[in-house]
Each structure stands twice: as structure tokens, then as C-alpha cells.
Amino acid sequence: MSISVHPPSDPGGVAARAAARTEPSASKPFGARTRTRLFTKYVALFVAVVAIALLSNGIFEVFFYYREHKAALIRIQHEQAEAAAAKIGQFIKEIENQLGWTTQLPWSAGSIEQRRFDALRLLRQVPAITELAQVDSTGKERLRVSRLAMDVVDSGLDLSQDSKFSEAQAHKVYYGPVYFRRDSEPYMTLSLAGTRKDAGVSIAEVNLKLIWDVVSQIKVGEHGHAYVVGPAGRLIAHPDISLVLRNTDMSKLPQVQAAQAGGSDADSESLQGAKNIQGQEVLTASAPIAPLGWTMFVELPVEEAYGSLYAALQRLALVLAAASLFAVLAGIFLARRMVGPIQALRAGAERIGGGDFGQRISITTGDELEGLADQFNEMGARLQESYADLEHKVEQRTSELKQSLEQQTATAEVLKVISRSAFDLQSVLKTLLASAAKLCEAEKGIIFLRKKNSYRLASNYGFSPEFEAFAKANPFPMDNASTTTRAAQSGGIVQVVDVLADQTRSALAREYQRLGGFRTNLGIPLRRGGETIGVFTLTRQEVRAFTPRQIELLQTFADQAVIAIENARLFNETKEALERQTATSDILNVIAGSPTDTRPVFEAIASRAKSLVAGFSSTVFRFIDGQTHLEAFTPTAPEADKILTSTFPRPVADFAPFRMAQSGEVTQVPDVEVLTDEIKDIGRARGFRSMLFAPLMNKGVSIGFIAVTRVEAGSFAEHHVQLLRTFADQAVIAIGNTELFNEVQQRTRELSKSLDDLRTAQDRLVQTEKLASLGQLTAGIAHEIKNPLNFVNNFSALSVELLDELKEVLESKDLDGKVREEIDEIAQMLKGNLQKVVQHGKRADSIVKNMLLHSREGSGEIRPADINAIVEESLNLAYHGARAENSSFNITLKRDFDPAAGMIELYPQEITRVFLNLISNGFYAASKRKETGDEGFEPSLTVITKSLGSEVEIRIRDNGTGIPAEVREKMFNPFFTTKPAGEGTGLGLSMSHDIVVKQHGGKIDVNTELGAFTEFIISLPRSTARTQAGERR
Amino acid sequence: MRRRKFIGLLGSAAAWPFGARAQEPGRIYRLGFLGSGPRNNYFPVFEPLRRAGFIEGQNLIVDWRAFAQQVDKMPELARELVEGKPDVLYASGDLAISALLQVTSTIPIVGVTEDMAGSGLVRSLARPDTNLTGVSIFSTELDGKRQELLIDALPGLKRLGVLADTRATGAPPLQALHEAARARNVELLVQPVTRSEEIGNAIEAAKESGATALNVLASPVFYAFRGVIMQRAAELRLPAIYQFPEEAKEGGFAAYGPSFVALYVDMVTPKLVGLLRGAKPSDFPVEQPSKFKLVVNLKTAKALGVAIPESFLLRADEVIE
């Protein structure tokens, strides 16, 4: 068999080429998909057939094997359980037998000692018996021996009613229920009666723990084990002795329940895996232990029981896998043989379908497939023939389409250019002309645009430069004497097939024709809103009319041109407006940024003016007193800038444009080279040729001007001139604003300063006035009172002495007792009165002295003193003073002196007075709070000094009653006191204030909270006391 | 289906409480041991531990304290042990166990003592609910049994000396002993011992007061000093009965009780192993020995010049000749 797909015999054919192109992309994915489908179908079918057979066989085998295995397991387990049950039964039977010979003798026969000896021997032989009691036929316990307790003889215990005894008597043997000693070890009572009536009963307590020896010997498989459960479901014996000792209840386990319910013939289902007490899945079989009512259980872990079954299953799975693999391989082989020729047929058919009609399929399998291949080949040949005919027609149609496509493409191109460069009118017009000329088979073309009353060349295509220069210099007037103007005037399309034959044309038109050399021309007016704004003209060098289709196309181009022109106009207008706006807003920004200075404003004006006109440099000048001052300029080269700055200021009269600017005119210098003055030199130095001057007009007066330069010579564009003029007007407003703003600010500053000064002066005046009047008043009063007071004091003191003298005189006289007594009494009273006068007189004196001190400033001398020592001294003085006045006075003093407080220049005497005063006040406030009946209150006063560098701070703080707000306002006023009349002069704080503030230049502050504390804070400068005091003197 | 069951089975096998569990590799286990005498007394512990894979010097550190000579310092010893952060603790006797319970309620303790439930150390033998488990060895009950055996072995005995550790034996058991002796017409001469140094003097005192035999009551201290006791008893020609069968083999006159070796190999060590492997004390019910052996050393009897009745010898589980 041979299968091949021949390449086409004629490789030159178009069809073959097309097929070759399409073949790789089309056939591959399609071929791959098909192959997989058919191939897998065959393979899958084959595998299925083989695998089903294998699988069903395997499943049957497993099923039967499983059943047999299980049956065998059940049988073995049951046998094991029965054997184990027999062993346990035997164990008990053994004990029973051993017990038997202790009941052989009647009680009358042997001595107790002999019986005891026998019993002890029994214990030796049967380790499971822990205790053995022997009871005579009447039910009296005669002997009890034990492994643990001491032996008891003739305890006399009556057991005749006990089931241990009665049951044994009745049935010869009695198996007691299982019980747990100390809740831990399983025990059972085993009683046995002798064969003779008078032999009595032996009662043994059997420790069932010893069954462990039996149970742990029973081997069930590899990991299985046997255990014994009592009638109530309690575990009696288990290889894990802990479970037994823990008195485990097995009755919850399903296998135990089943065994106890169903008796011996537990069916195979009970063998199914169930959890054992340790949670392991096991197969369990049971057998009853006959006389005892116990059940023997034998369990084997499921894992082990079914181990061999799983192994067989694994083997089977392996065989199945191997067989399946073989089936797959065989399937692949067969499918490949079947699919091969079909594959070749499909590939061939696919190529023919793809257009490769030269394709021939060769299959030599000799069967139906070969016939099918031949028919395919024939079909290919027929298709090839008809295809060639069809192709020719297609080619014709294609060339037609191509032509129209080119036109479309060109139009689209033009549209693209228009939309891309809307603001660049020249390039749009050029593109339009070029495309139109090419499409309409015209050699040349012109677009004329109307300017006032003429049509001027705006763009051309294909004409010589001479023609262009001529046309630009000589626009068409608005006549009817040329194709262009005719089209413009009529507003319709005008075509002149042979221009030379047209005799109505003007001389100008003839000149155009002579220079351009065209024969046929076509004019299409460019119209906007019913108005002609230009003409689109195309020319041909030979006489050949434009076809209607070409004209139609040209109309489209003309419309596009109109749109483009309009767009460009709008764009430029917007752009200019925007530029003006931007310039203005920039200036405003600068003003806002530096309102106090005009220089940045001028600089901004200079730089904006330059960029507005697209100039080379710019300068801003101001006229001051007939001189021109340079205010700002845009820098160029440093040397050039230097020339500029060194030239100005200059009189306005020096330069003509300056004069013009001063008169408010906009002027320009198209070329500085034609000038003869210094401007020419500056121009050469800075490198410009033309200049534009715009005056800065403020309320009709020119205050300066802006000059903009350009590198090239020539006139400035009209819109530039306008722009600069507008800009200059705005700049003037900006300058005005700045100046105004500055003025207002300056004025405000001056005003607020004078207001402050005024206020200070006023305050000072009020304070001085107040203190001066008080001082005068005090001094005056003091002087006036001092003298009378002296009299009162002196004379009262004298009177006391006189009274003593009087007494002496009366002493010598012989007076009757009663009279003498009366005289003495009166003298005593007088003396008392006088003493009161003296006392209060002295107080008045001290008030007066204080007042005088107050009015007289700066007593003692100024000298450096240790402030801490002064504070300490004041504190001691005040404390002892207070104690002297009132012996019950008590207060806690706290000191916190800063060692850095050190020396201060001050009047020690005066400062001591201040401290004494403040401390005494504190004592007063604290003791007053104590008096008001606060039980737990502890009066205390704290004095703190603290160095603050150039100052020292002293804080005197008491925890007294505090100062109300209304008192705080007035407390530094002279004569203001809150103490009851007669206790204070009202001068203490006022004086302290004066001493601290006026004499020492310090500060006194108070910090208080009502009912909590009062704190006076005194700050004293270290060394300014002298100068302050000096000034005051 | 089968496979799922099989996997389930594997899971349940992994959750098996102890037994199958092995030591964690690289871990060092610590055992705090509060025994009465020198550590070779406790060889039946260390051999099985070694077999279970706990090898001293490799993965096991045994913090050893012997208290027989310093009973007063029991609380300190207990504290030292607990400060060593052991995984499991062992203690002999009520006193040692109580001392450990005073200082820890979390570290598992295996104790060997007279009667765990009776002394209130655990609430239930079947389910200990604290950090303590262990073995109850009926020593007080057996003290009576031993007295009975000694009287049976020495017919005509009039005065029986009793060596009593005041810390191990209280007044009520002594009273019971007195009563039992009176029933057999034997006078009990109790020699209380508080400190180990007093043992020798106590035996002499018993001899001086006329005792012709000696019942060495159960006490971890006496077991630790059994060599001294046997030597003194031999010197003073006093047949004595001891707590553990092994003591008779070592030269004691007689002994009755559970085998010391079996006790530690079969009951104590499995618990230590289980607890070291992380089981909870409550997994182990308190065990009691159920096999007791009477051993009589005829060599010693001969040396002491004591004749033992044939009937008594027949009762012995083992006779050393």
C-alpha cells in the first residue's frame, strides 16, 4: 500500500499559487481536530471492549473472593472465641476443683489448725484466691485466711442467710457476681459445698485480675486480642489491665450489645467492623462462658483482617491496568492502519477545496478507498478548467474599482490634511490644489482669495516662480474679463475650453496666460454665506475640457477649501484673543504677587510684550521730568544689556520716537540702519533692525512707553501693532493699581503706629496720675496724723508713770482699808485703760510709719544679696512672729530653693518686707481656712525659688482660702484690705507691688483658686535693679 | 469504599492512646526521682526504661534525690526537683509524694506507697483525677501479715520487737498490731525510729528489752537501710521479717510481700514510660499487686540458730538453702 499526496504538476498556475498561500493557515488546525476525533474513537472503542471484559471478570472474582474470605474470617474468629471461652471456663473450673478438696472433711473431724494449714496451702497453689473462708454446715464462719489480712479463727460470723452459703448449699457450687474491690480490682465469690452434708462450705474470693494471665496469652492474629465481659457489660479481663482496673463499661459497644442480646449464634453481620473501646475498627466474634454468664470476645483489627483481601484487590488492579495499557496500544496500532488512507483523502480534498486544483491523490490500498481517491482527482481537473475562465472577468472589474478607489483615497487624504493642519492654511490649500490637479488630470492650479476689491493668488500648483511673483503683484480686479473673475462675479462654475479663442479677456488675463502657458481653464468660485471669497482655478496645457465628473469632484475640493479658509481664520482670531488674555492675566498675577514693588510689574510687561509680538527684545521706559528712564528690559547678551543701561536716562528730546511716544502716538522704525542717532548703535550692538513703540497712556498723559524690537527689518504686522497698543493700556492700569496699593498700605501702617503710641502714652499717664495722687494723699495724711499721735502716745505713757507716783504718795497716807482698796481698783482700771491707749496708739503709729514708707521710695542701700538667704530669713521671721502672736498657730512649711538662684542686686530690707508681708498673708489665709472648721485640713505654705537665667522667680504658695475674683482686681490698691477692721492697714500688698515693680523693676503675679490655694509669683531681675532705681531717683 | 475504611483505620491507629507512640527524636526527657536509698536500689526501673528507648545520657536525664538520710529536708528536695522542670516525677512513700504534691499540681507523679486511696492521695484508684498515679502496695495490711508469719515461724515467741518508722506507720495500725499479738500471747516491743541514724540503736533497744525476733515494718527508709538492719539483726541474733521477698534473698531471715522487681518492672516503669511519652496521669489507674511471695532464708536461720517448723516451710513460696 502506498499513500501520497502529489504536488501539482503545473506549478505556474494562479490557482496553485493561491492554494499554496492559503494551505498552511487553513488546513492545520482543521486537520489536527479531525485526526484526534476519529483516532480516539477507534482507540476508545477498542479499549472499552477489552476493558469491560477484563473488569467484569475482575469484579466477579473479587466479589466471590471477598465472600469466601469473610466467611473464613467469621469461622476462624468464632472458633477462636470459643477456644478462648473454654480456656476461661477451664481457669474457673480449675479453681473450683482446687477448692473441692477443702470441703472433703466434715467439721468434727480435723482440728482447726489442720484446716488452716490446708487453706494456706490452697492459697499457695491457687494464686487467684485472695481470701478463703470456711463455713460449717450451720452457716458459722470458722476460719478465714487471706493473703493480705491476718488469719481469723472462729469469727462466729453468721453466713447462713448469705447467698454465698445458701446457694452453695442448694446447688453445690455458687458463682457470685463480679464486684470490684476498692472500685478497682474485679473479684468474684466462688463458693463450694462439700459432698457430705456436714462438710460445710468453702467461700473463695477470686481475684479475676489473674485471668489476665490467660487472656493475654490468647493470640488473635497479629494485633487482635481477646477480652471478657460480665453479664452487666463490665469488662472483666482485657490484655490492657488498665481498662479492667478502670472498671470500664463495655455495654455501649454495639458488638457487646449484639452478643448479649443474640446469645451465641451472632450472625455474620455482627462481624462487620465496629469500633472497639479504644476507638479502633475491629471485627469481633463472641462466645459465652457457660456457667458464669460471661461473654468472651475476640477482636481483630479490620485492617489486618482484610489485609489479604486488599492485597488481592491491588493485584487485580495491576492486572487490569496492564491489560488496559495493552488494549490502548493495540487500539492505537489498528486505528492508525485504518485512519492513514482516510487522512490522505482528507488532506487531498482539503487542498482541492483550498483551490489547489492541480492536486492528485494517490492511494494504492486496492479497496474502495482507492476508488474514492480517483474520483477526487477527476473532480479536481474539472474545477481547474472552469476557474481560469472566471478569473479573467474578475481582473476587468478590479481595474475599474481601483480607479474609483484612488479618487476616494485622494479625497480622504485631503480631508485628513485639512483636519490635521487647520491653522496652517497654506499647506491645506497646497494639498487641495495638488490633489485636485492630479485627480482631474490638470497640470496646474491656482487659488485666488479676495482681498478688498481684487483677487490675489493665495496658493498655486505647478506654476513657475516668475508667474507666482507676477500674480502676487498683480491681482485680478473685480471685472468680467477673465475666467477667474467671471466665476467670481457670476458665483457659478466657468470653463473656458480654449483660452486663446476667448477674445473677451483682459490684458491682465492675457499676461497670465502668456506666463502660465495654459490652454483650458476652469474656475470654481469659493463661496461662503452667499459671498464669494475666492476662486479655485485649474488649468490644462492642452485643449481638453474637464468632464462633468471631474467638475463635480472639483466642486467638493472647492467646498473643502472654503471650510479650511474659514477654520484658519477662526483659529487665528481665537489664538490672538487668547494671547491678549493671557498677557493681561500674567500681568495681573505679577501684580498680585508683588504689590509693593513696581519693578516686577515692569519686567513682566517687558517680557510679555516681547512674546506677544514675537519680537527679539523689549524695553519699558518712563518719562520723569523730561528724562527717559529705563524701567525694565528683556536681557540679551550681557555686554549688549550694559550698553542699554548705560545709555539711559536721557532727555526725551534726544530721540524722535521717544518724542512721538510722549505725544501718545504709536510709531515704528522699520529699519534702524536708516537712522542716524544712537538708536542705530544700540540696534547694532543688541542685534535688532526694526522697532515698535507703544506709549503708556495714563489719563491722557503719556507716562512712558514700551519698545519692542525685531531682528529682521520691515514693518510690524497690523495686528501686532494693535496688540501692543492694547497691552500698553492694560499695563498702565496695572502700574496704577500697584502704586495705589502701596500708598494705602503705607498709610495704614503709619496710622496704626500712631494709634499704638497714643494708647501707650495714655496708659502711662493714667497710672502715674493714680499713684502720684495716692502717694501725696498718704504722705499728707501721715504727716498730719503723726503729730497728734505723738502727743497721745507720749502723754499716755507719762500718765502711767504718774499713776505709779500717785500710788506711792497714797502709800504713805493712813487710809482706811476700804478706801484704799477702792483707790487701788480705780488706779488699776486707769492703768489698764492707759495701756490700751498706748497699745493702739503704737498701732496707729505703725500704720502712719508704713504710709510714710510707702510715699518715700528707695530706703536702705542696694547691694548684691543671696536671695535664698533672704527668703529663708523672711520665712523664719514671719513664722516666729505668727507664733509669738498666737501660740497655737501651726503650719507646715515647705522649702524648695534652687541653689542656682544665687546673688541678686536688691534692697534687702525692702525685699524682706515684701516677703514678710506675703508670707504673713499666706499664714493668715491658711489659718483662716483651718478656723472655718475643715477637720482634715493641714495648713501649709510652700516657698520656691528658681533661677530663670537673668531673672529669679520666687513663688509663695499657701493652701488657704484663695482670693475671689473681685478682690483680685483691687488687691494691689492702697488701703484695700479684706481683714476685719483693726487687723490690717491695707497697705501691705500695695507696698509690695511698688517695691517689686517700681523699685526693682520686677513683676508680681498672683495665681489663685477659691478654697484651694493662692500663689504669689515674684520675678526679680538679677542686675537691672540699680539702673531702674537710679532712673527713678 | 474499602479504601476509605482502610484510611479511617490508619487514622484511628495513629490516635491510639499510648503503646505505639515513640519518643520524639532529638528531645531530651527529664525524670525527677525522689527515692529513699541509693539509685542502684531502683535498677528495676532503669533497665526497662532503657529497653523502652529512654537511655540515660542520650535522651534521658534523671534528676536524682535520695531522702532516707535527710527526711527533714523532704520539702526542699521536692522543690529542687520541680525547679529542674522534669517531664515526670517518681516518689517513694506518702511523705515524698505529699511533698511533691505540695510543689506541683501539673507535673505527672508516679508514686509507690502503702495505700493511695486510704491515705487520700487519690480520690479513686480506678480514676486518679490529679497529677498523681502509681501503685498501692498494701504495706500496712501486710505488716500484720508479716507479724503473723513471724509468730508462726518461731513457735514459743514471747517478745517481738517492732521497728517502726514514725513517718510511715501511724498509731492506729500499731494498735491493730498490738491487738493481734495479744491474741497470740506475744508482747510487742515497738521501737519508733524518726531518723535513719536511730535505726541501730532502736534494734539494740529492742534486743535489750527482751525481744527475740524483729518485725521490720514497711518503710522506704528501712528499705534503703536494709543492709544496716540485716547486719545489726545478725549481730544481735534477731530473726527478722522484711517487706520485699528480695530482702530475704539478700540475707534477711524471712520476707513476705510483692516482689520488688516485679513491682517496678510490671507496674511502675510502664507508667513512667507512658507519662514520658505524653500520656495523662488519669490514663493510668492506680494498680495493686496481686501476687505475694513468702521467702525464708534457711542459711540465715541456721546462722542465727533458729529452728523453723516444717509446716511453715511448706507454706513458703521459696526457701533459700
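Every chain is numbered from 1 and lettered A, B, ... according to where its sequence line falls, protein lines coming before strand lines.
Taking each heavy atom of B/L160 and B/L214 in turn, the nearest pair found is CD1-N, 3.8 Å.
For B/R184 and B/D152, the salt-bridge test passes: some basic side-chain N is under 4.0 Å from an acidic carboxylate O. Under 4.0 Å is where a charged nitrogen must lie from a carboxylate oxygen, and between A/R181 and A/E131 at least one such pair does. Contact check on B/E179 versus B/R182 returns no salt bridge, with no Lys/Arg side-chain nitrogen under 4.0 Å from an Asp/Glu carboxylate oxygen.
Contacts between residues 286-298 of chain B and chain A, defined by a heavy-atom separation under 4.5 Å, are made by B/V286, B/E287, B/Q288, B/P289, B/S290, B/K291, B/F292. Inspection of non-hydrogen atoms places B/S311, B/L314, B/R315, B/A316, B/D317 of residues 311-321 of chain B under 4.5 Å from chain A.
Distance alone, capped at 3.5 Å, is enough to place a donor-acceptor pair between the B/T133 side chain and the B/F284 backbone. For the pair A/E205 (side chain) and A/Y187 (backbone), a donor-acceptor distance under 3.5 Å is absent. Using modelled atom types, one side-chain atom of B/K271 and one backbone atom of B/M267 make a donor-acceptor pair closer than 3.5 Å. Distance alone, capped at 3.5 Å, places no donor-acceptor pair between the A/E222 side chain and the A/E304 backbone. No side-chain donor-acceptor contact under 3.5 Å links A/Q125 to the backbone of A/Q98. Distance alone, capped at 3.5 Å, places no donor-acceptor pair between the A/W294 side chain and the A/P231 backbone. Judged purely by atom type and a 3.5 angstrom limit, B/T269 uses its side chain to pair as donor or acceptor with the backbone of B/Y264.
Annotation: maximal heavy-atom pairing with chain A below 4.5 Å, among B/E141, B/R146, B/R127, B/E148, occurs at B/E148. The residue among A/D151, A/L210, A/N247 with the most heavy atom pairs within less than 4.5 Å of chain B is A/D151.
To the nearest 0.5 Å, the span separating OG1 on A/T102 from CD1 on A/I129 amounts to 8.0 Å.
Proximity to chain A is absent for every atom of B/D143, based on heavy atoms less than 4.5 angstrom apart. Within the 4.5 angstrom heavy-atom criterion, atoms from both the backbone and the side chain of A/L245 approach chain B. Only the backbone of B/S282 has a heavy atom closer than 4.5 Å to any heavy atom of chain A. In this structure, no portion of A/L243 lies under 4.5 Å from any heavy atom of chain B. Of the atoms belonging to B/D115, it is side-chain heavy atoms, and not backbone ones, that fall under 4.5 Å from chain A.
The shortest side-chain heavy-atom distance between A/I92 and A/M188 falls under the 4.5 Å cut-off.
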